[in-house]
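Take a look at the structure set out below.
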Amino acid sequence: MEKFVTLNASNLSSGSLLPIGFSSPCRKSAVSVQRRRVHVTRASIAVEQQAQTKVAVIRVGTRGSPLALAQAYETRAKLIASYPDLAEEGAIEIVIIKTTGDKILSQPLADIGGKGLFTKEIDEALINGDIDIAVHSMKDVPTYLPEKTILPCNLPREDVRDAFISLTAGSLAELPSGSTIGTASLRRKSQILHRYPSLNVLENFRGNVQTRLKKLNEGVVQATLLALAGLKRLNMTENVSSILSIEDMLPAVAQGAIGIACRSDDETMANYIAALNHEETRLAIVCERAFLTTLDGSCRTPIAGYACRGEDGDCIFKGLVASPDGTRVIETSRKGPYTSEDMIRMGEDAGQELLSKAGPGFFGN
């Protein structure tokens with residue numbers, strides 16, 4: 001296992017944020033941004049291994065991609081803000097763990113075991129005591145958690161929408177018939193083809209943000225879609241051609257959310273991360289994951305779900321399932337009190353409705 005101690009935050013950035021007003025994801029309007037040439041941040045992160053002057057108080061486990069490290073350092077900053085003593089050098093150690101999903105990029109996720117491959121090795125390190133907390137992108141976390149672990153904390157959620165990136169078009173609608181879009185997401189593929197059946201989708205368009213943008217610059221595809229949350233955390237929104245509204249592209253369950261796990265018997269770490277929890281985000285994720293669990297969702301089934309607090313304070317939930325070719329999309333929505341019990345019930349009920357509407361065989365692939 002490679003240990004990562006010091007990271008210069010500038011290595012995670014390709015430029016400054018655009019001076020644009022991102023509207024709330026709960027609003028209906030889509031936001032367009034100025035088209036630009038895509039700039040690719042080189043994923044060459046300088047790793048300094050320094051001798052620890054003392055044993056770290058908190059060892060933070062994470063994947064090694066620029067986005068994963070940005071999320072780990074966001075977690076570190078929030079820990080220090082809540083517990084100033086942790087600002088002392090060596091108090092928090094970042095531990096990079098390479099997962100199977102990071103190693104195998106030539107095959108679709110569904111063919112090598114699904115999204116748990118981005119968390120399995122990190123969970124094992126947590127259980128074995130090699131790290132104290134684990135920082136995950138919540139949309140990579142399976143609906144089940146390994147024994148001896150808990151995930152009681154979600155940081156404030158970033159913008160959940162998807163960003164359209166192209167060198168030649170400002171939106172999906174502007175792409176000429178026959179254009180190819182690269183995405184590894186069946187959720188994105190099905191919704192694209194549902195609205196624009198004349199477009200082609202290159203599947204297994206995998207790799208980190210920098211890798212995908214490099215492929216776009218090389219002309220492998222004419223466009224791609226990426227989570228806006230990741231681009232904002234990497235300070236790379238200058239690459240965005242336009243932003244898709246929730247109505248045009250319903251996000252993945254838990255998109256834009258960071259989760260922090262610890263061992264179930266580690267009260268010290270549970271107390272540390274409790275101070276970081278954003279309860280509104282946590283409840284939204286609970287609702288969405290209840291929906292996903294009911295559908296028994298996997299990487300082989302296009303599923304989207306999003307819960308947020310409406311202007312009246314209630315929870316608004318939207319969910320859908322689709323056929324991979326986009327010929328069939330089944331949607332539902334719910335509204336109710338913004339409480340854990342009610343939101344779990346909404347997610348489960350919405351999932352049951354879609355199971356019933358989809359009929360036998362729909363999820364059989």
Side-chain angles (χ1 to χ4, degrees), residues 1-14 41-103 117-141 146 149-156 158 208-210 229-230 232-236 257-263 266 268-277:
M1 187 188 306
E2 181 184 3
K3 291 192 176 181
F4 179 96
V5 181
T6 302
L7 173 68
N8 185 334
S10 66
N11 290 323
L12 295 179
S13 170
S14 69
T41 301
R42 296 188 180 277
S44 55
I45 296 181
V47 178
E48 294 179 28
Q49 295 208 3
Q50 299 177 345
Q52 294 291 312
T53 57
K54 64 174 185 176
V55 176
V57 176
I58 302 177
R59 295 163 299 167
V60 181
T62 177
R63 294 168 60 200
S65 72
L67 178 56
L69 289 170
Q71 295 178 165
Y73 270 78
E74 180 179 342
T75 301
R76 178 183 182 274
K78 289 182 182 297
L79 282 168
I80 291 172
S82 295
Y83 303 97
D85 289 348
L86 294 176
E88 185 177 345
E89 184 176 355
I92 300 177
E93 180 184 6
I94 305 297
V95 182
I96 292 179
I97 300 169
K98 195 158 191 176
T99 67
T100 303
D102 295 315
K103 297 172 187 175
L117 291 177
F118 287 117
T119 58
K120 180 174 178 287
E121 287 83 357
I122 299 175
D123 290 333
E124 289 173 349
L126 182 61
I127 293 167
N128 293 336
D130 296 321
I131 58 175
D132 300 305
I133 63 174
V135 178
H136 296 300
S137 292
M138 281 302 301
K139 69 176 182 178
D140 290 336
V141 177
T149 72
I150 55 174
L151 205 163
C153 173
N154 289 120
L155 301 186
E158 250 296 358
N208 61 35
V209 171
Q210 289 79 2
K232 292 180 76 171
R233 289 184 175 123
L234 288 169
N235 203 19
M236 292 175 65
I258 297 171
I260 307 175
C262 66
R263 288 179 293 277
D266 193 337
T268 299
M269 292 300 140
N271 287 335
Y272 270 128
I273 63 179
L276 276 57
N277 181 55

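Please read these numbers as outputs of a predicted model, since none were measured by experiment.
In this structure, K78 and P156 have side chains that are in contact, with non-hydrogen atoms separated by less than 4.5 Å. When side chains are defined from C-beta on, N154 counts as touching M138, because their heavy atoms get closer than 4.5 Å.
Here the closest non-hydrogen pair linking A81 and P84 is O-CD, 4.5 Å. Scanning all heavy atoms of the two residues, the minimum distance from L126 to A134 falls at CD2-CB, 4.4 Å. The minimum heavy-atom distance between C262 and I133, with the atom names listed, is CB-CG2, 4.2 Å. The two residues I97 and A125 have their closest heavy-atom pair at CD1-CB, 3.6 Å. Across all non-hydrogen atoms, the minimal contact from N277 to P152 is OD1-O, 3.6 Å.
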In sequence, state the C-alpha distance, the side-chain angles, and the governing distance for L276 and T75, and then conclude on side-chain contact (heavy atoms from CB on, under 4.5 Å). CA-CA 8 Å; L276 276 57; T75 301; 4.2 Å; yes

Does I58 form a side-chain contact (heavy atoms from CB on, under 4.5 Å) with L86? I'd like the steps, not just the answer. CA-CA 9 Å; I58 302 177; L86 294 176; 3.8 Å; yes

Give the C-alpha distance, both sets of side-chain angles, the deciding distance and a yes or no for side-chain contact (heavy atoms from CB on, under 4.5 Å) between T119 and T99. CA-CA 7 Å; T119 58; T99 67; over 6 Å; no

Please evaluate residues Y272 and V57 with respect to the criterion side-chain contact (heavy atoms from CB on, under 4.5 Å), reporting the C-alpha separation (whole Å), side-chain torsions for both, the decisive distance (0.1 Å), and the verdict. CA-CA 11 Å; Y272 270 128; V57 176; 3.6 Å; yes

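Considering OH of Y83 and CG of N271, their distance stands at 6.5 Å, rounded to 0.5 Å. We find the CG-CE distance between L67 and M236 to be 10.0 Å, quoted to the nearest 0.5 Å. Summarising the geometry, atom CD belonging to E124 is positioned 7.0 Å from atom CD1 belonging to I127; distances are rounded to the nearest 0.5 Å.
Using a cut-off of 4.0 Å between Lys/Arg side-chain N and Asp/Glu carboxylate O, E74 and R233 are scored as salt-bridged.
With sequence neighbours left out, D123 forms a salt bridge (charged side-chain N to carboxylate O under 4.0 Å, His left out) with no residue at all. Under the side-chain hydrogen bond (donor to acceptor under 3.5 Å, both in side chains) criterion, S137 pairs with Q71, sequence neighbours left out. The side chain to side chain contact (heavy atoms under 4.5 Å, CB included) check on T62 picks up A68, L69, A72, I94, with sequence neighbours excluded.
When atom types are taken as modelled, the side chain of N208 and the backbone of Q210 share a donor-acceptor pair closer than 3.5 angstrom. Between the side chain of R63 and the main chain of I122, no donor-acceptor pair closer than 3.5 Å is present. The main-chain N or O of D132 is never found under 3.5 Å from a side-chain atom of R263 such that the two would form a donor-acceptor pair.
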